[in-house]
Protein chains: 2
Amino acid sequence: MTKTSITLPDIAAAAGVSKSTVSLALQDSPKIKPETKRKVLKAAKQLGYVYNRAAANLRRRSSEIIGMVINDLTNPFFAELAVALERSFTDSGYVVMMANTSEDMQQQEKVVRTFAEHSAAGIVICPVFGTSYEQLTSHTMKGLPIVSVMRPIEGNACDFISPDNIAGSQAVTAHLLVQGFTRLAFLGGIDNTPVYESRLAGFKAAVSKAGIAMETCEILPCPPTREAAAKLIIERAKQGPLPEAIVCYSDVIAFGVTFGLDRSGFKAGKDVAVTGFDDIQGCNVFSPSLTSVHIYTDQLAKLAAESLISRLKDPERPISNQTVMPKVMVRESSILNK
Amino acid sequence: MTKTSITLPDIAAAAGVSKSTVSLALQDSPKIKPETKRKVLKAAKQLGYVYNRAAANLRRRSSEIIGMVINDLTNPFFAELAVALERSFTDSGYVVMMANTSEDMQQQEKVVRTFAEHSAAGIVICPVFGTSYEQLTSHTMKGLPIVSVMRPIEGNACDFISPDNIAGSQAVTAHLLVQGFTRLAFLGGIDNTPVYESRLAGFKAAVSKAGIAMETCEILPCPPTREAAAKLIIERAKQGPLPEAIVCYSDVIAFGVTFGLDRSGFKAGKDVAVTGFDDIQGCNVFSPSLTSVHIYTDQLAKLAAESLISRLKDPERPISNQTVMPKVMVRESSILNK
DNA sequence: CTGAAAGCGCTAACAC
DNA sequence: GTGTTAGCGCTTTCAG
């Protein structure tokens, strides 16, 4: 809380006008004479006035606060997404309060409630898997507009923006198949989560379209961290010949796999083809550079902001699901160079 | 803004008590009979009441909001720090509004002002280099408590928490020197910034203590990104024999250097010893695993929260600078294994 | 222990 | 164009 008790009346007194004139002037209302405005602005600046938005919001019964809830900021992909989202909203004049949930449902419920208590106009969220609108709003913040990004909220009750995971996964798998690999693996991601299921579905679709039996392929889920992926592939390497190509659930997984392969005496892009998903910044500055699926994070963020802002303006608009078509970025890791 | 117009009077009516009794009950005041409290809580829950903190703060003339301002969330080190900071503050019952500045001074001034307008109780910031308290508070938010982390605010006007960069850098350089390297380089970081100067000073101190002439060493600053570091070392590699060991300004730089060396036909940890700084999560899941300087991010975050909270309680307390002693984590990248 | 009344800083009709 | 007046939802003396 700023100590300053400089308020509208103070400015009014200094400028020799009334409280409401000051209010109008500060909002740059056309009802106020330019000269008066100048006088008011000058007095405000002189006195070191700090606008009190909470008071204004209270009176106006609306706010420009957007609550942003991110599942895991230490995951570089979500950090990139968070930054893009923040920019999209601030570009539209909103201010975003941001919170990290560390994939913790309790924490998530808590921060959403806190945002609601601070009169957030709406929420943009990468929800913890398994989140439903009901629990998110605790039956008590009904009508709080929410848009989810990347991961859907159960029950289809919220606007949702995501990449076309199936198409992206299918395309990157096809890119591998074209090279003649027949023993593939899909590695990483958490079983029974929507993103995992979609990316896996794309993988399977490509494989079966290529006329390859799924039995020759391996499916190895694991938590979305470098450590987990590394551990998994190291164990796997001990158990016999590796697949020729590994489609990873995400770039983070792919980095872990690359590391694990190295520890097991194999090289990604040489002994085994590896692909990622998300196309985060690091992909290009990594040896081997990582083939990945670019999902247009900035575009996702832009759509999320547009979607939420539209809903704020028209709460009755039908719920919308928007999908962005990704693009395969071929780099070294997927082209074997023996 | 939550649509709900459920307010204290509504609950009061439902529970058959007065507005103020409800307020007290909600705050769990000892002045209210347990039975009454139960009645009130029940009514509140039934009606789907959402506490309005903005209104409460307005009346109480204080708030539990902390504004967190981070220079670059896409840098994994700062993302880790941000998460740690957020946790420290929320653990103490504060709610943090977070904003990313992308190292943009204008953006930084804007978000600090916005936080002030939202009645933030204080600010925790990783400032853009060159930030002064004066400009941050625009001469108008005087007295807004600010604690800076990692990077100092000019003029020593704010509490400041940081690792002992000199000691950390000196220690990791010494670790290299002990192995007998004589041609070292200090790579990365932005010239004339305090963190750079400190880390470079530690490097120089170790070198001169080892009786080595600084002339045999190279100093190659560059922006703190993987890309910039990679580009720099690739250029450098073309110009003649590389140093035997490279002390990097940060882990991000070290990752870039490792990549660039690889592109130039050299291996970190084999042809050239490389060390990082910050000890971010990736260090262990990287080939070669990266020797780094662990700076106890959680501890920095904890001190930052304590420091800011103390100041909120006692605005007159003297400004404090706290330093945390880092620790060298020796891994593969710095032990040549030819 | 509970109620009545005042007011935080601001906006928004509605007068003048 | 500008001033008056009445609150937004809450906390907090102060009575009772």
Side-chain angles (χ1 to χ4, degrees), chain A residues 1-41 43-44 47-65 116-121 140-141, chain B residues 1-41 43-44 47-65 116-121 140-141:
Chain A
M1 196 72 179
T2 37
K3 268 280 137 7
T4 157
S5 320
I6 313 273
T7 66
L8 285 201
D10 297 328
I11 302 181
V17 294
S18 85
K19 212 172 95 167
S20 36
T21 303
V22 175
S23 175
L24 277 293
L26 255 28
Q27 298 174 67
D28 201 25
S29 155
K31 300 177 131 181
I32 304 293
K33 237 194 314 199
E35 195 198 318
T36 313
K37 276 185 198 168
R38 261 197 305 280
K39 215 163 51 182
V40 168
L41 265 339
L47 295 175
Y49 173 68
V50 176
Y51 186 68
N52 184 330
R53 279 182 201 283
N57 291 341
L58 177 59
R59 180 59 235 247
R60 199 193 287 115
R61 320 180 93 244
S62 76
S63 96
E64 73 296 348
I65 299 176
E117 291 180 349
H118 279 288
S119 309
T140 168
M141 294 163 281
Chain B
M1 196 75 178
T2 38
K3 270 282 143 353
T4 157
S5 321
I6 314 273
T7 65
L8 284 200
D10 298 326
I11 303 180
V17 294
S18 85
K19 210 173 95 167
S20 33
T21 302
V22 175
S23 175
L24 276 305
L26 255 29
Q27 297 174 71
D28 201 25
S29 155
K31 302 176 130 183
I32 304 293
K33 237 194 314 196
E35 195 197 318
T36 312
K37 276 185 197 168
R38 260 197 306 281
K39 216 163 51 182
V40 168
L41 265 338
L47 295 175
Y49 174 68
V50 176
Y51 186 69
N52 185 330
R53 279 184 201 282
N57 291 341
L58 178 58
R59 180 58 234 248
R60 200 193 286 116
R61 321 182 91 241
S62 75
S63 95
E64 72 298 348
I65 298 174
E117 291 180 348
H118 279 288
S119 309
T140 167
M141 295 162 281

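Throughout, a chain's letter reflects where its sequence line sits, starting with A, and its residues are numbered from 1.
Going from atom CG of B/Asp10 over to atom P of D/dC8 covers 11 Å, rounded to whole Å. Here the C1' atom of nucleotide D/dT2 and the CD atom of A/Glu35 are 14 Å apart, to the nearest Å. Rounded to whole Å, atom P of C/dA6 lies 19 Å from atom CZ of B/Arg61. A/Leu58 has its CG atom 18 Å from the P atom of D/dA6, to the nearest Å. Protein atom CD of B/Glu117 is 13 Å distant from nucleotide atom C1' of C/dC10, rounded to whole Å. We find that CD1 of A/Ile32 is positioned 13 Å from P of C/dA12, with the value rounded to whole Å.
In this structure, A/Ile6 and A/Gly48 approach most closely via the heavy-atom pair CG1-O, 4.3 Å. The shortest non-hydrogen separation linking B/Ala55 to A/Leu58 is CB-CD1, 3.9 Å. Across all their heavy atoms, B/Ala43 and B/Ala15 have their closest contact at CB-CB, 4.2 Å.
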Taking only nitrogen or oxygen atoms into account, show me every contact under 3.5 Å that the protein makes with nucleotides 10-12 of chain D, one pair per line with its distance.
from: D/dC10; atom 1: OP1; to: B/Tyr49; atom 2: OH; distance (Å): 2.3
from: D/dC10; atom 1: OP1; to: B/Asn52; atom 2: N; distance (Å): 3.4
from: D/dC10; atom 1: OP2; to: B/Leu8; atom 2: N; distance (Å): 2.7
from: D/dC10; atom 1: N4; to: B/Lys19; atom 2: NZ; distance (Å): 2.4
from: D/dT11; atom 1: OP1; to: B/Tyr51; atom 2: OH; distance (Å): 2.4
from: D/dT11; atom 1: OP2; to: B/Ser23; atom 2: OG; distance (Å): 2.6
from: D/dT11; atom 1: O2; to: B/Arg59; atom 2: NH1; distance (Å): 2.6

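At a threshold of 4.0 angstrom between heavy atoms, the contacts of A/Lys31 include nucleobase atoms, whether or not backbone atoms are also involved.
Direction change of the helix axis from one end of the helix from C/dC1-D/dG16 to C/dC16-D/dG1 to the other is 30°, with five pairs defining each end axis (rounded to 10°).
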Check against side-chain contact (heavy atoms from CB on, under 4.5 Å), B/Ile65 and B/Ser119: CA-CA 7 Å; B/Ile65 298 174; B/Ser119 309; 5.8 Å; no
Working for side-chain contact (heavy atoms from CB on, under 4.5 Å), residues A/Glu64 and B/His118: CA-CA 11 Å; A/Glu64 73 296 348; B/His118 279 288; 2.9 Å; yes
side-chain contact (heavy atoms from CB on, under 4.5 Å) assessment of B/Asn52 paired with B/Thr7: CA-CA 8 Å; B/Asn52 185 330; B/Thr7 65; over 6 Å; no
Atom pairs and distances, donor-acceptor, side-chain atoms in residues 19-32 of chain A, under 3.5 Å, two or more places apart:
from: A/Ser20; atom 1: OG; to: A/Ser18; atom 2: OG; distance (Å): 3.2
from: A/Thr21; atom 1: OG1; to: A/Ser18; atom 2: OG; distance (Å): 3.2
from: A/Ser23; atom 1: OG; to: A/Gln27; atom 2: NE2; distance (Å): 3.1
from: A/Gln27; atom 1: NE2; to: A/Ser23; atom 2: O; distance (Å): 3.2
from: A/Asp28; atom 1: OD1; to: A/Lys37; atom 2: NZ; distance (Å): 3.0
from: A/Ser29; atom 1: OG; to: A/Lys31; atom 2: N; distance (Å): 2.9

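The line from OH of B/Tyr51 to CG of B/Leu8 is 8.5 Å long, rounded to the nearest 0.5 Å.
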